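Taking it in order: structure first as structure tokens, then the write-up.
Computed from a predicted model, the values in this text were never measured in an experiment.
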Amino acid sequence: EKPFRQVLAKSDTSGRLVKWSVKLGEYDVKFEARPAIKSQILVDFIGDNTLTACMEEEPSKNDRGLWKLSVDGSSCISRSGAGLVLTSPDEWTLKYALRFGFKATNNEPEWEALIIGLTIAKYLEVRKIEASSDSQLVVGLVSGEYEAREDSMAKYLAHVQSLKSTFLVFRVLKVPRAENARADQLSKLAT
């Protein structure tokens, strides 16, 4: 048999819980257990949101005055289009949604967006530009990692190479699709 004090203590605790649930029930308050924070997530969060000395340094001479161009293409059975976002070093942004009047393969709208973006930058007299695309083929061909096998890809590559010579600094980077969301949204809007 259990001692009388233990039984009384347990019933007293459960009685308080019932009393609180009745009082809080009229306010539609619900209890949700707080999930455990994994220690590495907390460390990553603090690391990502803390300024360090290297973050505070000035950008290199090559990166001063660097414009950023994000491009993405979209094609479906009946339409094709592209989106591009051109951002100045002062965070001034030009956004374009382009609809093409021709059927295109998956890569052609990407090329068209890159060429149009570089042409706009040329007319704005941009001297340093960094283009980013989520197309591995386009980035690989422009950077020289891949070889153009199709005639149409070789023509697009030649056009980009001719535009490339107008810039002092010219880089093309492959970015994950998630980091190219603004240009992707514009390309979807165009189609």
Does K68 NZ have over 12 foreign heavy atoms under 6.0 Å away?
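Not buried by this count: 12 neighbours or fewer within 6.0 Å.
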
Before you tell me yes or no, could you show the steps for V138 and W111 under side-chain contact (heavy atoms from CB on, under 4.5 Å), namely the whole-Å CA-CA distance, both residues' side-chain angles and the distance that decides it to 0.1 Å?
CA-CA 7 Å; V138 171; W111 281 108; 3.7 Å; yes

Would T93 and L86 satisfy side-chain contact (heavy atoms from CB on, under 4.5 Å), going step by step from the backbone distance to the final call?
CA-CA 6 Å; T93 304; L86 184 62; over 6 Å; no

Given side-chain contact (heavy atoms from CB on, under 4.5 Å), test L163 with K122 step by step and report yes or no.
CA-CA 8 Å; L163 288 168; K122 176 183 170 184; 4.1 Å; yes

Between [Y] and [X], is there a side-chain heavy-atom distance shorter than 4.5 Å?
X	Y	value
Y96	I116	no
W92	W67	yes
S133	V175	no

State, to 0.1 Å, how close [X] and [Y] come at their nearest heavy-atom pair, and which atoms those are.
X	Y	result
E110	V71	OE1-O, 4.0 Å
V142	F170	CG1-CE2, 3.9 Å
S70	S132	OG-OG, 3.4 Å
N107	S135	OD1-OG, 3.7 Å
A131	L114	CB-CD1, 3.8 Å

Identified side chain to side chain contact (heavy atoms under 4.5 Å, CB included) counterpart of I129 within the set L118, V169, T166, L124:
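Passing option: L118.
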
Give every donor-acceptor pair under 3.5 Å between a side-chain atom in residues 153-161 and any protein atom, sequence neighbours left out.
unit_1, atom_1, unit_2, atom_2, d
Y156, OH, E112, OE2, 2.8

Shared ILVMFWY cluster between L173 and L168, side chains joined below 4.5 angstrom?
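Hydrophobic grouping puts L173 apart from L168.
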
So R171 and L66, side-chain contact (heavy atoms from CB on, under 4.5 Å) or not? Walk me through it.
CA-CA 10 Å; R171 292 190 292 244; L66 184 70; 3.2 Å; yes

